[in-house]
Amino acid sequence: MGDKNIVYEEQHIKELFEKKQEELQSKIELNNMVTIDTLHNVAGVDLAYWKNKDKEYACCCIVVYDYKTLEVIEKKSSVGEVTVPYIAGCLAFREYELFEKTAQLLENNVDLYMFDGNGYLHPRHMGLATYAGIMLGKPTIGVAKSFYKFIDFDYSNLKPEEGNYIDIVIGGEVYGRVLRTHTGVKPIFVSVGNMIDLEVATKIVMNMIGEESHIPITTRYADIMTHEVRKNRLSNEK
DNA sequence: GCGACAG
DNA sequence: ATCTTGTCGC
């Protein structure tokens, strides 16, 4: 009985997202508007979830880095109930709202946002990074830790040395690229979000890879922070 | 019809 | 994403 309701809800969300995609599709800005020489504030975004009394909550964390010095200049987080379930392809519907709420808390200007998930590498080019980039009118990059298999794509021939990459081309169009950020470590999936091109995005991502992780420090730090916020939240609310 | 499927 | 301990390896 509950299963049918879930299936029905998923179909409903997919339909709503389909409409939203049609509305936003033409607003994707593919022309590059990011100059690395003048790039200053780069933000990493991530969310963590938990449940309480059959309600689901999440905290979103944004960490702003100075691109030149790689120092953290600001951290912000917010917590809220999440009502949209996770559906592959509709991640933006689940995560955007709390992200926007958190972004409004920032006191510093952000030149570029980096998201945990895809951007243009999506069946309708509408991954979280692209969606957020359009909504905010900001440059964004999508960095996913695993491949979204909406299409078959073999990257087993990707060289093991760091810096190597393979473009993910579908029907003659480049959707994104598999990028090896650390030698011998599983690659990440970089795609354009909005107002940036893949070459510039790749450079920025590679420049923000540290020794500690194969994902950019922006995303890594935001991820660690979400876990801390959730931990405090759970121990303080009893 | 069934399985796969970013986080 | 989340549930979870130890353990193999550089």
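- By the 6.0 Å contact criterion, NZ on K76(A) is enclosed, its count of non-hydrogen atoms from other residues, nucleotides or ligands being greater than 12.
- Judged by distance alone, with hydrogens and angles left aside, the side-chain atoms of S77(A) form no donor-acceptor pair with the main-chain N or O of C61(A) at under 3.5 Å.
- Here C90(A) lies in heavy-atom contact (under 4.0 Å) with a base.
- If you take NE2 of H122(A) and P of dA4(B), they are 20 Å apart, rounded to a whole angstrom.
- Across the protein-nucleic acid pair, Q11(A) atom CD and dC5(B) atom C1' stand 14 Å apart, rounded to whole Å.
- Remark: P of dG7(B) and CG of D223(A) are 11 Å apart, rounded to the nearest angstrom.
- Whole-Å rounding puts the K55(A) NZ to dT2(C) P distance at 20 Å.
- Aromatic ring centres of F99(A) and F115(A): separated by under 6.0 Å.
- DNA chain C lies under 4.0 Å from at least one heavy atom of each of the following residues of residues 125-153 of chain A: K145(A).
- Checking side-chain atoms of N194(A) against main-chain N and O of G133(A) turns up a donor-acceptor pair under 3.5 Å.
- Proximity of residues 183-212 of chain A to DNA chain B (heavy atom under 4.0 angstrom from any strand atom) is not detected for any residue.
- Defined by atom type and a distance below 3.5 Å, a donor-acceptor pair is missing between the side-chain atoms of E56(A) and Y86(A).
- For E81(A), the CD atom sits in a packed shell: over 12 heavy atoms of surrounding residues, nucleotides or ligands are nearer than 6.0 Å.
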> Using Watson-Crick and G-U wobble pairs with both distances under 3.5 Å, what is the 5'-to-3' dot-bracket string of DNA chain B, with [ ] for crossing pairs and | for pairs outside the strand?
Replying inline: .......

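- A donor-acceptor pair is defined here as one N or O able to donate and one able to accept, closer than 3.5 Å; no such pair exists between the side chain of T219(A) and the backbone of I215(A).
- At the heavy-atom level, A58(A) lies nowhere under 4.0 Å from the strands shown.
- The distance between atom CG of L91(A) and atom P of dA4(B), rounded to the nearest whole Å, is 20 Å.
- The distance between atom NE2 of H182(A) and atom P of dC10(C), rounded to the nearest whole Å, is 18 Å.
- Side-chain N/O atoms of E95(A) and Y49(A) include a donor and acceptor closer than 3.5 Å.
- Taking atom CG of L98(A) as the reference point, atom P of dG7(B) lies 18 Å away to the nearest angstrom.
- At a threshold of 4.0 angstrom between heavy atoms, the contacts of D116(A) are confined to the sugar-phosphate backbone, with no base atom among them.
- Contact between the side-chain N/O atoms of Y86(A) and the OP1/OP2 oxygens of dA6(B) is found at a separation under 4.0 Å.
- Here the side chain of H122(A) pairs a donor or acceptor atom with the backbone of G89(A) at under 3.5 angstrom.
- What separates CH2 of W50(A) from C1' of dA1(C) is a distance of 13 Å, to the nearest Å.
- Taking the six-membered ring for Trp and the full ring otherwise, the centers of Y165(A) and Y155(A) sit at least 6.0 Å from each other.
- K20(A) has a carboxylate O that lies under 4.0 Å from a charged side-chain N of E23(A), or vice versa, which qualifies the two as a salt bridge.
- In summary, the side chains of N109(A) and K138(A) do present a donor paired with an acceptor at a separation below 3.5 Å, with no hydrogens or angles considered.
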